[in-house]
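Proteins come first, then strands; the chains are lettered A, B, ... in the order of their sequence lines, and each starts at number 1.
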Protein chains: 2
Amino acid sequence: MKVTIYDVAKKAGVSIATVSKVINNTGNMRDSTRTKVMKVMEELNYYPSVMASALTGKRTQTLGLLVPDISNPFFSEMARTIEDRAHERGLSVIMCSTDEDEDKEKKYLELLRRKQVDGFIIASSFHDKKLLQDLKSTQIPMVMLTQDAGSLGVTSVSVDDFTGGYDATSHLLSLGHQKIVIIAEERLSSKMRIYGFQEAYETHGYEYHSDMVLRTTASIANGKKCLEQMLNRDELPSAIFACNDLIAIGVIQGARENGIRIPEDLSIVGFDNTILATTTVPSLTTVAQPINEMGRKVVDVIVDNINNEEPTTERILFKPTLMVRNTSARNQYVNKKMV
Amino acid sequence: MKVTIYDVAKKAGVSIATVSKVINNTGNMRDSTRTKVMKVMEELNYYPSVMASALTGKRTQTLGLLVPDISNPFFSEMARTIEDRAHERGLSVIMCSTDEDEDKEKKYLELLRRKQVDGFIIASSFHDKKLLQDLKSTQIPMVMLTQDAGSLGVTSVSVDDFTGGYDATSHLLSLGHQKIVIIAEERLSSKMRIYGFQEAYETHGYEYHSDMVLRTTASIANGKKCLEQMLNRDELPSAIFACNDLIAIGVIQGARENGIRIPEDLSIVGFDNTILATTTVPSLTTVAQPINEMGRKVVDVIVDNINNEEPTTERILFKPTLMVRNTSARNQYVNKKMV
DNA sequence: ATGAAAGCGCTAACAA
DNA sequence: TTGTTAGCGCTTTCAT
């Protein structure tokens, strides 16, 4: 059977209170006692039960991480740094991929609450804002990741999506592209990128039309689909700004299959700078999010929230960096004109 | 404060025992009672504590997943299917990336035991076999994933690595390559792939030398390093079989940077068939592991183990599939001879 | 059909 | 310095 604190106490000839003290390294006692107890714990291969200790009001030492899809490299890279930092801070993490599905959001949130996680890191956008509101009212620490909390009044760690969108678009615009399509997701972060897109258009003195925006969800297949859709409608622009690398890769693949040369016929800029951006050919021009710093920061913030009474409501914005690689080039049409 | 079973009982005007029964859907009681209690639970927003219930001998309903690195697409794709299936079966999963580091292996194993996970899925290879032996002796259900349990006598879910190695090598050999280098990891699965490699050599009537084997750990950077190392020593073969896609991609990148054409000058075969295999150019010839089926199966096996007294010890082997794409081609040298 | 009470493994006063 | 004891929120016999 499982070794309990009683077994240790008995074998060490002390009370369970004493054992508890050595486990938690609290209280005073003779050195010899501490040593003896530790020795017995060792011998018995004793592991204190986190369950039991959590039940007495201590923490469960686990974090809930909600992401849209852990198999999306952006989130798996993020998860990795979160996991590492969490472990450094003494916490484990339970992962949940919501697919941004309303039922799963609810289900996983409830599940994690039942498991009494010490805090939530929410990188998945919620359809039902009320769920988040409810969660907030429970006082369980929570931090939004990759999406500004905005109205919710909750701490968030994200990249400056507006600027990212602006930079990507400016890059394309200054390359002579005038007809650019932005492929966005249905999330707040995409919305901000669209605003950045719009702002860049206006700054450069061009006119922005809302029909430059295409919506989809993050996957290679969907990126390809968008490209084909444009092709069928004979509306292919000279450049595409995809709101994440997965979609961008899909566009690249679709282009290749249809004999469209990149970047000669079509320029593409992605977002995230995942591993995929460097392994594709041509390598992908994309907006980098500082994944490691963000992952580390989000854990530090949630740990602070767990340890302090007062929840913070700061909105932490990281700086995006445009990584110019090989899928973006000067608009041929403009070139010809100039020649 | 947190809503407990007592709050529900009080408000519903029943005892906690009754509430417990409706939670677990056990025992008999008047329909009206059950309904009333459920209504109160709803109103109070009551979530039974998994902690407390686990303490009374029930399960924690969580699985521990040990992988080398969750940001490796192979493992993140695997984690995704595991997570999904686990949730379907009512379990959550705590992820731990060990980096195949001896200290982390030990630390995470202990951590997960303290958290009383119901079972372990171990996809990370352990340096210290004794840890695994100890774990096994605790009777906590465990399943090895992507590595045959072999001597341990524990259930395992893996791909037939020997055949995978054999197929990849045969493919290359029959393409006229005689000098092939295999880049392997320090894991059991790699070892089996090497044996498959060796077997293919022998079957095809060629001579196998142990200096055809290079060792490294899974990363793009390491793959590139291996390529450069061969280059420096002027020992570049006409084909390389990398034991996973990450390494293969690194080799491709290294080759490109050094002006080596793929597949004209160098053929490459990877292993795993991750998302990377399709996004690189040329697309990667690789040995596919049925990730989804494996992930699903491993959860089903562990759940069975949790529910039954008797631990199983079956070794489940999935069939690998060679995906011939564009990084492997006929050896030029042989071609010329034939012409 | 319902409830009282013991106990799961641990923590934290409070006593001794 | 060490031990006693009352919970923590729940399950589960065993009474009623």
Ion pair check, [X] and [Y], cut-off under 4.0 Å:
X       : Y        : answer
A/Asp84 : A/Arg80  : yes
B/Glu43 : B/Lys39  : yes
A/Arg89 : A/Asp300 : yes

How close or far is atom [atom2] of [N] from atom [atom1] of [X], stated in whole angstroms?
X       : N      : atom1 : atom2 : value
A/Asn24 : C/dC10 : CG    : P     : 10 Å
B/Met51 : D/dC8  : CE    : C1'   : 12 Å
B/Gln61 : D/dC10 : CD    : P     : 13 Å
A/Ile5  : D/dG7  : CD1   : P     : 19 Å
B/Asp7  : D/dC8  : CG    : P     : 11 Å
A/Leu55 : D/dT11 : CG    : P     : 12 Å
A/Tyr47 : C/dC10 : OH    : C1'   : 18 Å
A/Met41 : C/dC10 : CE    : C1'   : 14 Å

Do B/Arg113 and B/Leu135 have side chains that approach each other closer than 4.5 Å (heavy atoms only, starting at C-beta)?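 A side-chain contact under 4.5 Å exists here.
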Is there side-chain contact between A/Gln61 and B/Arg114, with at least one heavy-atom pair below 4.5 Å?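 When only atoms from C-beta onward are counted, B/Arg114 and A/Gln61 do touch, with a gap below 4.5 Å.
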Do A/Asn24 and A/Thr26 have side-chain N/O donor and acceptor atoms under 3.5 Å apart?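 The criterion, which ignores hydrogens and geometry beyond distance, is not satisfied for A/Thr26 and A/Asn24.
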Between D/dC10, C/dC10, C/dA12, which one does the side chain of A/Lys58 approach most closely?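 The answer is C/dA12, which lies nearest to the side chain.
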Any N/O pairs under 3.5 Å between the protein and nucleotides 2-6 of chain D? List them or say none.
unit_1	atom_1	unit_2	atom_2	d
D/dT2	OP1	A/Thr33	OG1	2.7
D/dT2	OP2	A/Arg30	N	2.9
D/dT2	OP2	A/Thr33	OG1	3.0
D/dG3	OP2	A/Ser15	N	2.8
D/dG3	OP2	A/Ser15	OG	3.3
D/dG3	OP2	A/Thr18	OG1	2.8
D/dG3	O6	A/Lys21	NZ	3.0

Tell me what B/Ser20 touches on the nucleic acid: a base, only sugar-phosphate, or nothing, going by heavy atoms under 4.0 Å.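 B/Ser20: base contact, heavy atoms under 4.0 Å.
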